Every structure is written in C-alpha cells, then in structure tokens.
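Reckoned from all heavy atoms, side chains included, excluding hydrogens, waters and symmetry mates. These numbers were taken from a predicted model, which means no experiment stands behind them.
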Amino acid sequence: MPLTRRNFIQMVPASAAALALTRGAKAAEPIHHVTVLGGGFAGCTVAKYLRMWSNGEIAVTLIEPNANHVSCIMSNLVLNKRLKTTDLTFEYNDLQVKYGVEVVHDRALRIRGPQKQLKLKEAGWINYDSLVVATGIQFDSIPGQDYRKVPHAWIAGGQSNNLRNKINKMPDTGTFVMTVPKAPYRCPPGPYERACIVADILGRRSGYLDGSGSVAPRVVVLDANPGIMAEKGTFTSAFNDLYGDIIEYIPNAQVESVDSDNLIVNTSQGSFAGDVLNVIPTHGAQNILKLSGLTGDSRWADVDPVTYASTNTLFKDVYVIGDAQGTSQPKSGHMANAQAKICADSIIRTAHGLSSYTEERLQNITTNSACFSPITYDQASWLTAVYSYNPDTGSMGLVPGSLGEAHNWSSRNFNDMFTWSDNLFADTFK
C-alpha cells in the first residue's frame with residue numbers, strides 16, 4: 001500500500017486482524033485462560049484483542065501493579081507543557097467493562113515454566129494455560145545516579161514531571177546535559193526528539209531563537225551509539241541548522257558514573273556538568289524474565305515472531321511481546337500494539353487446536369512502527385517502517401522501501417501527530 005499522509009496518521013497496526021479467526025455472534029464458555037503480565041501498550045492490546053477475537057471463548061486476567069498507565073508516547077510534550085501527564089494517563093475500566101478482562105493489581109515475581117505457574121506478591125503461586133509477558137523495561141544501575149536529582153524520564157509519569165520542573169527552574173542560558181543509551185532501547189527517535197524540545201524551550205526563553213537574546217543556552221547530547229539511531233536526516237538537520245548554536249552532539253559517549261549532587265556525568269568522552277542532567281540508562285527486560293530464565297544470557301527474551309512464544313523450551317505457552325522481546329524490531333508502543341495482535345491471533349488458534357504456521361498466515365505476518373517526533377513547539381516530523389516475516393531466516397525483516405521519514409518538520413505534521421496518537425490510544429486502551 002503506498003504511504004500517504006492519510007493512511008499514515010491512521011496507521012494503527014491491524015495486519016493481524018485479517019488473520020483472526022471468525023467467530024459467531026454468541027459468546028461461548030471460556031475454553032482457555034490467558035494471564036497477561038503488564039498493562040502497557042502490549043499487555044492491554046493483547047488482552048483486549050484476545051477477548052474480542054475469541055468472542056469470549058478466551059478468559060483473560062491482566063496482572064498490573066499500578067492503577068493506571070502513563071503513556072511514554074507523546075510524553076516529551078510534558079516538558080514544554082503542551083500536554084500534562086493526566087492527558088496521557090489511561091485506566092483499565094474499559095478493558096474490564098467493555099471486554100470482560102479481569103484486572104488484578106498485583107506484582108509478578110517469578111515464572112515456573114515447566115509447572116505453568118506464576119508467583120504474585122500478594123496472591124502467591126497461581127496457574128495459567130497461557131502466559132503473555134509484557135512487562136516492559138528495566139534500567140541498568142549507573143554508579144551515583146539518584147533518579148530524584150538526575151531523572152531519566154524514560155518511564156512516563158512522575159519522572160516526566162520531575163524533569164519538566166527542573167527545566168523550568170534552570171537558567172534560561174544554562175546547560176542541559178542528556179544521554180542516549182546503547183541501542184536497542186525504548187523509542188529510537190525519543191532522545192533526539194527530547195533534545196530538540198529542550199533546545200526549543202531554552203531557545204525561546206532566552207530569546208536566542210528570535211534574536212532578542214545574545215547568549216545561547218546549551219543542550220549537550222551524549223550518545224552511547226556511534227551516530228543518530230533514528231530519523232538521521234531529520235535530526236542531523238535540526239541539530240546543525242535549526243539549533244546549531246544550542247545543541248552539541250557527541251557520539252560514542254558511554255556513561256560511566258554520575259555525580260548526582262554536583263550534576264556531573266562521567267563518560268568515555270570526558271566529564272560534563274550541567275544545570276540539569278537527564279541520564280537515560282541502558283536497559284533490558286525486567287528482572288522477572290531474567291530470574292525465571294526467559295532471557296538466558298541476553299538482555300531480552302528470544303521469541304518466535306510467528307507467535308511471540310518464547311524459544312526457551314522450558315516455557316511452553318509463554319509469550320513475550322513489547323519492549324521485552326528480543327527480535328530486531330524497534331521497541332515502541334506502536335510496535336508493541338502490532339505484536340500483541342499477532343500473539344493474540346496465535347493463542348486463539350492454539351486454544352482451538354489449529355496451526356499458526358499455515359502458508360497464508362506466514363505470508364501475512366507483518367508489523368509496522370510509526371511515530372511522530374515534535375521538533376519545535378508546534379512542528380513535528382514522522383518516521384515509519386514495515387517489517388515482515390522471512391521464512392528462510394525465521395525472523396522479521398524490514399520490507400524494502402518501507403522505511404520513510406518526513407521531508408521536513410511542519411505544523412501540519414504536528415497536528416497529525418495528535419490524530420495518530422489518539423487512534424493508537426483508543427485501539428489499545430478503549
């Protein structure tokens with residue numbers, strides 16, 4: 001399908017929808033019980049679509065310790081006050097009332113694959129027929145980093161507000177120092193987007209961008225990677241042309257430690273002090289996957305992208321979707337939504353004794369990752385990529401010609417960004 005502005009902003013991953021089994025109008029008694037860990041984009045989407053596509057034949061319990069989910073998507077706009085965290089906060093009422101998902105607020109501690117058991121903090125050991133792990137990310141510890149003084153703001157909510165407040169209080173011509181973690185990490189364009197937003201905030205406040213101020217603020221971007229990891233053309237242009245006197249980009253800067261009291265970050269490229277530090281640690285799957293053995297020696301859990309089942313044979317009927325999975329696909333909320341639908345379709349087939357490996361289905365295993373990136377207070381760019389299953393390699397690969405980004409940032413893209421995000425939020429949580 002040719003990429004147009006209209007189909008891009010409406011691009012909520014629905015490829016798996018065409019694969020879902022057709023059911024009658026009348027709901028049947030549950031024939032299978034699925035427990036879902038995590039109430040983010042991956043977990044809520046798989047829970048919702050398991051109930052919808054099975055017409056009630058699959059019972060679903062969602063385990064989530066928090067009362068609501070705060071979206072990382074669009075959360076950089078909290079920094080410049082275009083949005084509040086309350087605008088990005090989603091409760092689980094619709095999943096319960098509209099779709100019949102049982103939501104339990106508890107914390108998962110351990111998975112016993114051979115026994116098909118899950119240990120919860122409050123409820124203890126419980127059994128499952130199938131388990132979907134959608135627990136997101138966990139940060140590596142960085143010596144000296146105190147998240148209250150040096151926020152990461154890479155899990156949205158209180159951290160987003162903390163970083164916004166620190167930016168509000170810093171001098172107009174001060175120095176903001178941020179880091180980009182080693183790839184793969186959650187939301188590839190996100191750190192560069194954040195650098196642009198902060199440069200815009202300080203550039204406007206100081207008057208430097210409109211020429212009324214003569215002293216430029218500084219935004220120092222310390223990237224652990226050898227270069228910009230997403231929307232390279234867009235962000236190179238923004239860093240060099242739009243914010244050339246403000247943003248200083250330094251690649252191959254591995255964070256070694258942080259002095260949270262004196263606001264200094266020590267890296268392989270030297271030490272950098274700022275009025276505000278925003279250090280985003282390297283991250284991987286959460287500890288429950290590591291402790292249970294789902295990740296092996298990796299940071300992420302290897303899965304079969306046809307089903308998202310774990311490739312660890314000790315974990316039969318355990319699936320991993322979203323940021324914690326270990327395919328080559330980007331880690332984003334949009335991608336998590338797409339993976340969840342493929343996973344839901346496969347679980348329904350398995351519950352009915354059907355194969356997920358039919359020739360027709362294998363030809364239609366596709367996902368896409370789309371996002372918008374605000375570049376200024378009222379302009380944005382976009383990026384999209386489509387992935388498909390390659391039976392020869394058993395992996396997902398980028399579809400030739402599908403990787404695209406906006407020719408330039410614009411106010412029209414900025415407006416479209418809200419349509420895109422509203423569509424994704426509705427498809428996931430409502």
- Query: Does W53 have K48 sitting over its ring (NZ/CZ under 6.0 Å from centre, angle to axis within 45°)?
  - Reply: no
- Item | Within the 6.0 Å centroid threshold, strictly below: Y92 and F429 | no
- How long is the gap from CD1 on I365 to OG on S388, to the nearest 0.5 Å? 10.0 Å
- Query: Between the side chains of S381 and E231, is a donor N or O closer than 3.5 angstrom to an acceptor N or O?
  - Reply: yes
- Task: Would you please classify the geometry between the Y192 ring and the F235 ring as parallel, tilted or perpendicular, with 30° and 60° separating the classes?
- Result: tilted
- Could you tell me the separation between the CG atom of L163 and the CE atom of M178, rounded to the nearest 0.5 Å? 9.0 Å
- d(F414 CZ, W409 CH2) to nearest 0.5 Å is 15.0 Å
- Note on the structure: In terms of heavy-atom contacts, L294 and S310 come closest through CD2-OG, 3.4 Å
- Message: Evaluate D416 against R412 for side-chain contact (heavy atoms from CB on, under 4.5 Å), listing each step before the verdict.
- Response: CA-CA 6 Å; D416 289 346; R412 185 174 188 176; 4.1 Å; yes
- Item | Heavy-atom pair with the smallest gap, counting every atom of V279 and Q145 | O-NE2, 3.0 Å
- Do side-chain atoms of T350 reach the backbone of S346 as a donor and acceptor pair under 3.5 angstrom? yes
For residues 65-73, run the donor-acceptor check on the side chains, cut-off 3.5 Å, and write out each pair with its distance to 0.1 Å, sequence neighbours left out.
residue : atom : partner : partner atom : Å
N66     : ND2  : E64     : OE2          : 3.1
S71     : OG   : I73     : N            : 3.0
S71     : OG   : I73     : O            : 2.9

- Query: NZ of K98 to CG of N93: how many Å apart, nearest 0.5 Å?
  - Reply: 10.5 Å
